[in-house]
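Read through the structure below, which is laid out as structure tokens, and then see the notes.
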Amino acid sequence: MVFTSFEFIIFFLSLSIFYFSISIKYRWKLLLISSLFFYGLIKPIFILILLFISITIYLGSILFEKIHFEKYKFYSFIIILLITIAPLLFFKYFNSINQYILTFFERAPSKNILSNSWLILPIGISYYTFMAVGYITDVYNEKIKAEKNLFMVMLFISFFPLVMSGPIERAEKMFDQFRNKLFFDYKKVIYGFQMILWGMFLKLVLADNLSLFLNPIFENINYSSGKTILLAISLYPFQIYGDLGGYSLLAIGFSSILGVHVRINFKRPFFSTSMSNFWRRWHISLISWITDYIYTPITFFLRKNGLFGIILSLLLTFLIAGLWHDATLPFVIWGLIQGVVLSLEAITKSSRLKIFNKNSLNNNIFFKVCCSILVYFIFSFSLIFGGPFESLNECLFVIEKIFLNNESFSFSKIELLKLIILISLVLFLEFKQEYYPEKLKLFRNKNLLIRWISYLSIILFIVLLGVFSNDNFIYFQF
Amino acid sequence: MTKNSVLVKLTNIFREIFNDREIVINNKTTAQDIDNWDSLTHMLLISKIEEEFEIKFKLKELNNLNNVGNLVEIINTKI
């Protein structure tokens with residue numbers, strides 16, 4: 001039951017009516033029951049994983065507060081951490097490891113070992129595992145106190161708007177909201193509807209139309225010309241943005257209606273002026289989680305090595321980020337590309353800043369847009385490895401074809417024109433928000449008529465151009 | 001060492017790490033207030049503070065830092 005489906009809208013509407021008709025003190029319990037029901041619909045047995053992780057981190061966090069001897073506390077933290085991430089590691093990497101074993105044994109006489117891919121990755125397991133890891137680490141670091149109510153921990157892990165694909169939230173913020181803030185707030189409800197509307201547009205109109213155009217090209221690279229593949233790769237970041245960015249807005253919107261504020265996950269990423277700036281705007285909740293729980297410990301450990309330590313930390317962090325997407329060579333290369341580009345930026349940072357200040361480039365919109373275009377193409381290029389192609393051979397074949405194949409474009413020009421208009425619309429609105437936030441307000445205009453014209457235009461776009469047959473989200477697979 | 005003298009010494013370290021002789025810090029200063037103070041330069045700063053004050057931080061202590069005032073308090077408990 002995905003957020004864009006009719007079933008979900010019915011589920012959410014009935015839940016909301018019941019939710020606001022009961023006393024505020026029971027609302028979090030209703031949220032827990034609906035969240036377990038929602039996740040159980042995917043596969044009832046998957047609820048056991050949510051329960052297992054919830055109980056582990058609930059007991060673990062209480063244990064940390066009982067142990068006063070630092071060394072024992074550290075050991076118990078490591079054990080609880082390993083138990084918490086065990087289901088993720090098992091479901092995520094068992095198939096890959098099994099695949100490697102199969103490939104190895106195919107060369108040997110006997111093939112009678114485990115069949116391939118018998119495990120299905122429980123949707124969202126990465127996201128709720130990351131939230132669980134964040135929680136126990138924060139309790140271990142004495143940043144927050146252990147939650148004494150197991151069911152509250154369960155709700156934090158299973159909260160249905162976030163369970164399938166984030167945004168990855170922090171316990172500190174969520175417990176307080178679940179306990180004290182689940183009241184009806186007109187402003188939050190309106191904000192929620194606005195986010196849902198724009199999220200539906202990004203997903204159903206932008207991402208799914210791009211997917212109809214791009215998937216056939218990616219699936220038939222043998223028959224597509226080099227220029228066609230180049231164009232497809234150049235458009236692909238918009239598909240992911242529409243898909244995950246749209247999903248995130250839907251999650252934020254549905255949460256907001258229920259009274260829960262959830263952090264934004266994307267902040268106009270295509271207007272980033274450097275790669276490090278890009279990673280502060282793209283999949284923000286994941287990157288901030290990675291910064292706090294992976295990058296910071298690594299860089300702390302390597303801090304005596306100066307700039308070299310930071311570069312090594314960046315490379316290791318993005319290597320882990322790549323491996324998290326998938327334990328394959330292309331994703332390792334994707335991670336390394338990000339790590340290398342960020343390292344180069346770190347090395348040249350102070351000299352770049354000096355040049356920018358000297359030539360007053362920091363406030364030059366033209367210069368900033370040029371930087372954004374460069375960042376966009378670096379990111380697009382990296383997606384050859386971190387995107388639709390499965391094997392390294394395919395990725396290399398794609399690069400070779402882009403550079404060496406001179407055949408002309410082979411696709412519907414009208415379809416492309418439609419996509420370019422949609423992308424231009426998104427870019428125009430984001431350009432306005434980025435550089436002229438106070439001008440031409442649409443959803444937040446004080447004039448009721450302009451607000452409603454904006455809402456109705458987006459609805460019209462969704463009805464006329466939305467793709468309603470695709471119920472898949474790219475980031476569910478991670 | 002008084003809190004003020006810690007702050008004076010810290011100011012010099014900040015000026016060196018961020019390559020800006022005009023930086024002025026106080027207890028309420030946060031990473032938002034100083035250009036270039038991000039996750040990349042943060043650990044260079046921490047390492048330099050450890051070296052200058054001859055102390056060692058715990059990761060746990062750094063995770064709970066909110067502003068320069070917190071930093072001064074932690075340094076004071078260690079010198």
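Just so we're on the same page: letters track the sequence lines, and every chain starts at 1. Predicted, not measured: the structure shown is a model, and the values here were computed from it.
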Let me see the donor-acceptor pairs closer than 3.5 Å between chain B and chain A, or none if nothing turns up.
unit_1, atom_1, unit_2, atom_2, d
B/N36, OD1, A/K349, NZ, 2.8
B/D38, OD2, A/K349, NZ, 2.3
B/S39, O, A/Y295, OH, 3.2
B/S47, OG, A/R303, O, 3.2
B/E50, OE1, A/R303, NE, 2.7
B/E50, OE1, A/R303, NH2, 3.3
B/E50, OE1, A/K304, NZ, 2.9
B/E50, OE2, A/R303, NE, 3.2
B/E50, OE2, A/R303, NH2, 2.9
B/K60, NZ, A/E70, OE2, 2.9
B/N64, ND2, A/N141, O, 3.1

>> Taking side chain as everything from C-beta outward and backbone as N, CA, C, O, which of these in A/L314 sits under 4.5 Å from a heavy atom of chain B? Side chain, backbone, both or neither.
In response: side chain

> Contact part of A/L353 toward chain B, heavy-atom cut-off under 4.5 Å: side chain, backbone, both or neither?
Replying inline: side chain

> B/F57 and A/F300: which non-hydrogen atoms are nearest, and at how many Å?
Replying inline: O-CZ, 3.3 Å

> Looking at residues at least two apart in the chain, or sitting in another chain, which of them share a side chain to side chain contact (heavy atoms under 4.5 Å, CB included) with A/I333?
Replying inline: A/I337, A/F385, A/L392

> So which of A/L307, A/L342, A/I310 actually passes side-chain contact (heavy atoms from CB on, under 4.5 Å) with B/L40?
Replying inline: A/I310

